[in-house]
Structures are given as structure tokens and as C-alpha cells.
Amino acid sequence: MGSSSGTCEIVEAREERNTRKAPDIYQSNSECIMSAKNQKLSVLKLGYKDDLDDDINKLFESIALKSSSRDLGLLQNGTTPKLKSASKKPITMGVPRSPRVGTSEPVNLKQALRDLCISKASEMAAMKRLSKSTASPRISEVGKIQTLYNSVVAETSRSGPSFVESKGGQIEIPLVPEKGKSLCLLKTSQSNQTAEIVSSTRNIHSSWGFAVATAQNDSGTSSIQSDLACSSSKVGIQSQRVVPVETEEQACASSPSLCSTFGSKSEVPKNASSSKKLGDKSLVSNTGRKGRLQTVSSSSTSVNGNRVNKQPRHAPRTVKSVIKNKNLSKKKLKDDSGSALCGPTPNEVNKPAPGTPRLVCERCRCALENTCEEKNQGVVTSGSTSSGNGLNLSNENSGSNKHGSVSTGSNKSKTVSKVKNTKLKEQLEFSQSSKSSQGEYSSSTSTSDESNVSGSSRSTRPHMSKDVRWAAIRHAQMQHGVLGLRHFNLLKKLGCGDIGTVYLAELIGTSCLFAIKVMDNEFLERRKKMPRAQTEREILRMLDHPFLPTLYVQFTSDNLSCLVMEYCPGGDLHVLRQKQLGRCFSEPAARFYVAEVLLALEYLHMLGVVYRDLKPENILVREDGHIMLTDFDLSLRCAVNPTLLKSSSNIDPAKVSGLSAQSSCIEPFCIEPSCQLPCFSPRFLPTAAKSRKLKVDLAAQVRSLPQLVAEPTDARSNSFVGTHEYLAPEIIKEEGHGAAVDWWTFGVFLYELLYGRTPFKGSNNEETLANVVLQSLRFPNRPLVSFQAKDLIRGLLVKEPENRLGSEKGAAEIKKHPFFDGLNWALIRCAAPPELPDLYDFGVSDMMNSQGNGAKYLEYKAGEHVEFELF
Ligand SMILES: Nc1ncnc2c1ncn2[C@@H]1O[C@H](COP(=O)(O)OP(=O)(O)OP(=O)(O)O)[C@@H](O)[C@H]1O
């Protein structure tokens with residue numbers, strides 16, 4: 001190519017020939033170049049002899065060496081755009097000339113000129129070649145691009161021609177990210193990743209909604225679990241407790257993988273924008289992000305419940321921490337984009353994310369706070385005053401100094417540290433141990449009498465969280481440190497049992513009334529009743545149910561163990577029954593009481609407590625008319641394994657003779673047979689047929705709801721415990737017994753409420769026991785009792801425990817019985833209880849008033865049961 005260029009002017013004949021060969025690029029400039037050469041030639045001819053070719057050649061040669069500058073000057077004289085363009089040969093200045101230029105070989109003038117042109121053209125060509133083939137430092141940028149271009153060409157040529165060369169030699173590279181590509185390719189892939197992230201984010205939002213919905217669906221069943229596990233979370237389920245709208249973190253908990261994606265989403269925009277500044281680090285970052293994205297996208301290509309469920313448990317915490325520490329994550333990305341945050345490989349997920357320690361600390365702090373709270377709530381008292389042997393009456397007037405003079409003797413400085421168990425821990429212990437309160441008990445309890453701190457705290461008594469008595473107790477604790485009997489005015493002895501005496505007491509400085517069960521440890525030791533006291537205390541500490549007593553404080557004063565409980569001013573059901581017309585309750589009233597007792601028993605069974613001592617005397621009536629099941633010293637503790645039954649159809653229909661239909665009616669005691677239709681159903685029913693169909697459908701739906709069954713079916717005891725008339729046949733026969741004894745006693749209890757007497761009562765205890773085992777069940781003609789009620793009693797008073805209603809699935813079976821049709825179990829707490837006689841008939845108010853006028857309080861003498869004296 002170079003050999004022929006630029007020769008047009010010198011050799012006319014050859015010009016044509018050569019111009020044909022010359023590239024267009026040079027052809028356009030040929031005229032200008034030739035004219036310039038001609039000018040030079042004419043100048044030369046004027047100054048030199050014609051025959052002195054050699055000299056001329058030499059002269060030309062020397063001129064040629066300086067031609068560039070001269071040419072430039074010449075060309076500038078005849079400036080045209082084309083000329084300028086042609087003269088843009090500074091790049092040739094440093095480039096070695098063509099071998100033919102500069103040689104001393106004798107040539108004629110024409111030839112020399114021709115060669116000059118050729119050499120220039122060839123120089124240009126050579127430079128072009130060089131620029132393509134070499135990577136001179138001076139052309140490094142171009143060279144790099146060219147190298148990349150070449151590599152792309154090489155790569156793509158292997159996989160196919162996917163790039164396009166466009167006008168001007170620009171190259172369009174398809175935006176296909178490939179691993180191992182150079183910078184520009186990675187940048188390209190980053191763009192793709194960003195797009196991918198955005199796309200993933202969209203998926204997350206849509207699938208997040210799904211996760212929320214799932215959580216909400218689960219909330220119904222989880223609420224029961226939360227109660228069981230007792231941690232506020234669960235429910236977090238954290239009984240959590242479900243918020244109608246999940247926060248990000250909550251969504252993370254329910255959908256860890258989604259959160260992982262979510263985390264990346266939140267980091268995307270800034271990282272994407274900042275990546276340009278990161279230089280080489282951005283490559284690492286990109287790689288990391290890419291890895292993460294791939295992980296996410298591979299796992300989130302189909303966001304579904306299965307995938308979410310497959311996430312390890314610890315994942316949410318890691319992810320949560322990622323989100324919580326979003327800022328940290330971003331910073332970390334800049335510093336070390338290859339960290340766990342960026343590349344959540346399975347292993348890395350297990351590693352604590354940067355925010356995890358903080359999270360853990362938060363948890364620890366929470367735990368500590370709880371412990372502290374319990375320390376404050378659970379009062380240790382070791383009375384410091386000594387006043388002889390007992391609980392003396394105090395006539396000190398009201399006020400802060402109005403203490404009951406409690407005989408406390410020496411300070412025993414009971415240790416607190418032993419009993420900082422959380423309720424959950426307690427429940428765990430209980431569920432893992434199988435202990436009874438009597439014969440079997442010797443195998444022991446974990447809490448000794450030394451442990452006098454109540455495990456109760458407001459935080460573990462959700463149903464009592466608004467109770468003013470908690471506030472009063474807390475305030476007193478803050479004021480006095482630890483509480484003791486001296487901080488209470490004992491107003492009245494409520495009753496006396498096997499292991500202690502119960503007093504009505506007022507917390508000094510407040511108008512809050514409590515029932516304090518006082519037990520003399522020495523007496524209990526002497527009578528070997530300490531295990532029963534311990535059982536009761538331990539059970540009381542774990543309770544949190546509206547129909548079971550709340551234990552506010554537990555303390556030991558000297559040798560007296562005291563349980564400060566909720567006071568029930570309504571007396572017990574035995575007394576209340578006596579006050580009813582015909583000494584028995586109406587069926588609706590009986591149904592109300594047995595329903596609440598059933599829920600209390602169900603709860604106890606869930607906790608692994610077989611109550612064993614059901615009778616009207618142990619059912620107290622609260623101020624609001626609802627009941628409270630009390631007295632747990634005969635209870636049997638055992639293991640329990642609550643299960644959720646998918647459908648109630650598993651319940652044996654043989655045990656339920658009537659049709660069972662649950663109602664969703666908002667009225668808890670809507671017993672109208674026709675009112676099977678929930679009050680929430682559409683009010684405008686076109687036809688009766690449609691209405692009936694709706695009723696049936698709804699009843700079927702309710703029946704098909706999952707049911708929690710927590711019957712301690714494995715519980716066994718050989719103890720002879722209970723009250724004669726209430727003893728189950730298997731206890732009398734000493735065959736060993738379990739939770740089914742509670743369903744027997746439940747039947748006897750319902751019978752007594754309805755008929756005013758127990759079914760197998762004999763003239764003496766022996767006869768009663770014999771009747772229980774041998775006599776068949778009979779119903780008196782009076783009062784009139786419904787078929788459903790009798791049917792339920794029949795189902796419960798089956799002598800063989802294995803065939804007894806409730807023996808298999810516990811309260812769930814019994815709740816299904818038609819006797820409870822129309823009852824909304826969930827709202828029973830809101831139901832209006834049966835009417836009560838005036839509470840103040842019990843004389844409490846009068847007594848308090850009289851004491852305010854200077855009456856004395858109570859006196860206790862050690863070694864005896866606490867005596868009640870009212871002056
Ligand atoms: N929280 C309370 N509120 C009101 N009265 C109560 C309360 N707790 C117990 N009583 C009353 O105190 C009396 C004694 O109760 P306690 O539980 O000590 O003995 P018990 O019920 O006879 O059972 P046991 O002999 O098995 O201990 C009972 O008759 C009961 O009515």
C-alpha cells in the first residue's frame with residue numbers, strides 16, 4: 001500500500017497507474033501534495049546543475065531529512081482543510097523512516113521525489129500497523145481498548161459473533177455479564193446485577209405480602225402456643241403477637257430468605273451508585289454482591305412457603321441483624337465488600353453478622369431486665385421484728401406504721417439467687433418431671449422452702465397486666481424493699497385447710513385486699529405435709545389464667561410460708577349453692593360454672609397438672625362473678641405433650657350421643673337451639689333454606705377448625721387422694737390413675753350443681769366408695785335437667801377411665817358436647833355470670849370499717865393454726 005502512494009505528481013504516466021492502487025484516503029490529498037513537491041522541485045532546479053544528479057540527490061536527501069518541517073511550512077502556505085488533514089503527520093516524526101528514504105543510493109530527482117512520497121505514505125501505513133500490533137506506552141489507552149476488543153473478539157468468536165462493529169470502528173458489546181471479564185465487562189455485569197436486584201426486590205414485595213398473610217393465618221393457632229410457652233414473644237408469635245401489619249423485622253422473622261433479599265435490596269441503590277468510585281474494590285464488591293444476588297435469586301426464584309420453612313432457625317436473627325445494622329452494612333460494603341454481609345453463603349449465614357452481637361446483647365439485656373423485674377417483684381422477706389411466737393394482733397392505727405406485728409424471730413437472710421427461674425423454665429421443669437403431691441412427691445421438687453421469691457411478675461401475668469394490685473405490690477416493694485407479713489393488715493380468717501390458714505389481708509397504705517395463705521413450716525414438717533405445700537406453691541407460681549389464682553408475692557417470715565394471692569369475695573360454690581333456690585343451680589348457671597372450670601382444667605392439663613381435687617368448695621367466686629379454681633396441694637404434676645388436631649372429626653362419636661355443633665355466636669351463653677347461626681353472619685337472608693344451609697356450613701367449618709389437645713394421658717399415680725364423694729373408681733380400686741380422674745370429678749361436680757347432691761353418696765364414706773365403684777348412675781326426677789346435661793354426665797361418669805369422655809383428647813372432647821352448644825368459649829370471660837348475692841353480705845366492708853375505728857387485727861401463735869380474733 002505504501003509503496004505507491006504519493007507518486008502521482010512526479011510520474012504522470014505512472015500516476016494513473018498508481019492512483020488506481022492508492023487508497024482513497026491518500027488519493028484525495030494527492031493534488032495538494034504534488035503541488036507542494038513541484039514547488040520544491042522548481043526551487044531546486046534553479047539552484048543546481050542538471051548533470052549533478054548525485055549532488056542533487058544528496059541535496060534532496062538532506063532536504064528530505066528536514067522535509068517535515070519544511071513540508072509543514074509549505075503546506076501551511078497552501079492551507080486547505082484537506083491539506084491540513086494530509087499534513088497531520090506529526091506522529092511520523094519519531095518514527096524511523098522507510099529504508100529507502102535517507103539512503104545514499106544514487107537516484108535521479110524524479111525517483112527521489114517519488115520515493116519521498118512513497119516513504120511518507122509507507123510511514124503512515126507502518127504507523128497504522130504499529131498502532132494495531134504494538135502496545136506502545138504512548139498509546140496505552142488505545143492499546144488497552146484494542147486488547148480488550150481483541151479479547152472480546154476472541155471470546156465471542158468462540159461462542160459466536162455477538163458483537164457488532166459499527167461506524168467509525170466503534171464496537172458495540174452485548175451486555176452479557178461474564179465471569180472473568182475485564183473492567184468494562186464487569187461494569188456491564190454490574191448494571192445487569194442492578195437490574196436483577198430491582199427485579200428481585202419487586203418479587204420480594206409481592207412475596208412479602210404472602211409472608212405476612214401466612215403469619216396472620218398462623219396467629220390464631222399460635223396464640224395458644226404463646227400462652228403455653230408463656231414468653232411474651234410467642235407469640236410472638238412470638239405469640240407473637242401479631243400485628244396486623246408486619247414490620248420489616250417481623251417479616252424477616254417469618255420469612256428469613258425474603259429478608260435476606262430485602263437486605264440486599266436496601267443496599268442496592270447506594271452501592272450501585274458508589275461502585276464507580278470504588279475502583280478495584282468495586283470489583284470485589286460486585287463479585288460479592290453478585291454472589292449474594294445469585295444466592296438470593298436462586299433461592300427466591302420461587303418464593304413460597306416451602307422455601308421459607310427451609311430456612312434455619314438462626315437465619316432470621318442473622319438477617320434481622322443485617323437489616324438492623326443497615327448503615328453498618330453499607331459502610332462495611334465499602335470497606336470489605338467480601339464480608340458475610342455481601343456473600344451470604346450458607347456458611348456465612350451461620351456466622352454472626354456484624355450486627356449480631358448487638359442483637360444478642362439486646363436479648364441478654366432483656367433477659368437481665370426480666371430477671372431484675374422478677375427480683376423486684378418476687379419479694380424475699382425475712383422478718384426482722386421479733387415478737388415472740390406468732391402473728392400478733394396489731395392495733396396500730398392505719399398509716400405507714402400500722403404493721404401487723406409479725407413474729408419473725410431472727411433474720412434468716414434467705415438467699416434469693418436460687419429462685420430466679422423464669423416461668424418458661426419452670427414450665428419446662430414441670431413438663432419434664434412427673435411428680436405427684438402425695439406419695440410420689442418424695443422424689444422431689446426443685447424449689448425448697450428456702451426459695452421464697454415468687455416467680456410471679458406482671459410481665460408473666462398478661463391477663464392481669466392492668467391489675468391495680470400489681471401496682472400496689474410494686475409500689476410497696478419499692479418502698480420497703482422486701483415484703484413481709486408486717487406490711488399487711490390481716491383482716492379476717494377466710495378458712496383453714498390441711499396445710500395452712502387463709503386470711504383476708506390488706507396491703508398497708510393501700511385499699512388492696514389479698515388472700516394470704518399462711519403455712520407453718522414446722523407444723524408441715526411435723527405432719528409430713530411440706531411436699532404438698534411445695535406442690536401448691538410451685539403450681540401457683542406458674543399460673544396465668546383468668547380462672548386460676550394469681551400469686552402476687554411469696555415470702556417466708558420466720559417459719560411461716562406465705563402466699564399472697566388474689567382474694568375472691570364471692571365465697572365458694574359450695575356455699576353459693578346452699579344459697580340457691582332448692583340448693584342447686586339452674587342449668588344455665590351450672591353450665592356457666594362448669595364451662596369456666598373446664599377451661600381452667602384444660603389449662604392445668606396443658607401445664608401437666610392433674611388437679612384431682614375438684615369440688616364446689618375449691619371453686620371460689622370472684623368479685624365479678626367469674627370463678628377461680630383454687631387449692632393445688634393434691635395436684636399431680638406430670639409430663640404433657642400438647643398437640644394440635646387438624647380436625648375435630650377424630651373425636652369418638654360414641655362418647656357423644658347428641659349432635660355437636662359449635663357456635664360462633666358472640667353471645668357466650670346463647671343457648672337457643674335455633675341460634676346456631678353466628679351473630680356475625682349476614683343479616684339479610686333471603687330464604688329460610690339458605691339460612692339453614694348457612695348454619696350447617698358454618699357449623700361444619702367450626703368443627704373443622706384445628707383443636708389443641710393437651711391431655712396428660714401418660715400421667716399415673718397410685719395415691720389415694722381426693723374427697724370421698726368425688727373419688728374416681730380407679731383411685732378407689734387403686735389401679736393407678738391419670739388425667740381422666742379430673743373428668744370423672746367434673747361429672748360429679750356438674751351433677752352436684754344441678755341436683756344439689758353427689759351421685760354416689762352413701763350413709764358413710766365406705767358406702768360412698770362402694771357406690772362409686774359398683775353403683776350405676778341414676779338421675780333424680782327433680783329437678784328437671786336437660787337431656788344434654790344428663791348425657792354429658794353419663795359420658796363423664798363412665799367407670800372405666802379409658803372409655804370416659806375426655807380421657808383421650810381431654811377438654812377438647814368435652815367442649816364439643818351438645819350441652820355446651822351455642823357457647824362461645826373464647827368469649828366466656830365476657831359473658832355475664834349468674835347473679836350473685838350481695839358480696840358485702842359476707843361482712844367484709846363492715847369489718848374493714850370497724851377495724852378502721854380501732855379494732856384489733858389477728859394474732860397468731862406458733863405451733864397452732866392461726867387463730868382469728870377480731871376485737
Ligand atoms: N383466694 C381466696 N379468696 C377467698 N377465700 C379463699 C381464698 N383461698 C382460700 N380461701 C378460703 O380459705 C379456706 C381455706 O382454704 P385452703 O385452700 O387453705 O384449704 P382447703 O380449701 O380446705 O383445702 P386443703 O385443706 O386441701 O388445703 C377455703 O375454705 C377457702 O374458701
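Counting starts at 1 for both ligands and their atoms, following the listed order. No hydrogens, no waters, no symmetry mates; every other heavy atom, side chains included, goes into these values.
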Test item: protein heavy atom less than 4.0 Å from atom 28 (C) of ligand 1: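 So atom 28 (C) of ligand 1 lacks protein heavy-atom neighbours under 4.0 Å.
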Going by the order shown, which atoms of ligand 1 are within less than 4.0 Å of some heavy atom of [X]?
| X | result |
| --- | --- |
| E566 | 1 (N), 2 (C) |
| A515 | 1 (N), 2 (C), 3 (N) |
| N618 | 21 (O) |
| M628 | 1 (N) |

R612/D742 ion pair, N-O < 4.0 Å: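 Looking at R612 and D742, the cut-off is not met.
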Short N-O contact, E767 and K761, less than 4.0 angstrom: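 A salt bridge is absent here (no side-chain N lies under 4.0 Å from a carboxylate O).
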Heavy-atom gap G500 to ligand 1 smaller than 4.0 Å: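 True for this residue.
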Quick one: nearest non-hydrogen protein atom to [atom], plus distance?
| atom | result |
| --- | --- |
| atom 4 (C) of ligand 1 | C568 O, 3.3 Å |
| atom 21 (O) of ligand 1 | D631 OD2, 3.2 Å |
| atom 7 (C) of ligand 1 | L620 CD1, 3.2 Å |
| atom 25 (O) of ligand 1 | D498 N, 2.7 Å |

Neighbour count above 12 (heavy atom, 6.0 Å) for K799 NZ: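 Buried by this count: over 12 neighbours within 6.0 Å.
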Selected option - heavy-atom contact closest to atom 9 (C) of ligand 1, from V518, V502, L513: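 The residue whose heavy atom sits nearest atom 9 (C) of ligand 1 is V502.
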Residue part near ligand 1, for P549, under 4.0 Å between non-hydrogen atoms: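 Under 4.0 Å from ligand 1, P549 contributes no heavy atoms.
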N or O pair under 3.5 Å between D613 and ligand 1: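 There is no such contact.
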Sub-3.5 Å N/O-N/O distance, K517 and ligand 1: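 For ligand 1, there is an N or O atom that lies under 3.5 Å from one belonging to K517.
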F514-W470 aromatic ring centre distance below 6.0 Å: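 When the ring centroids of F514 and W470 are compared, they turn out to be at least 6.0 Å apart.
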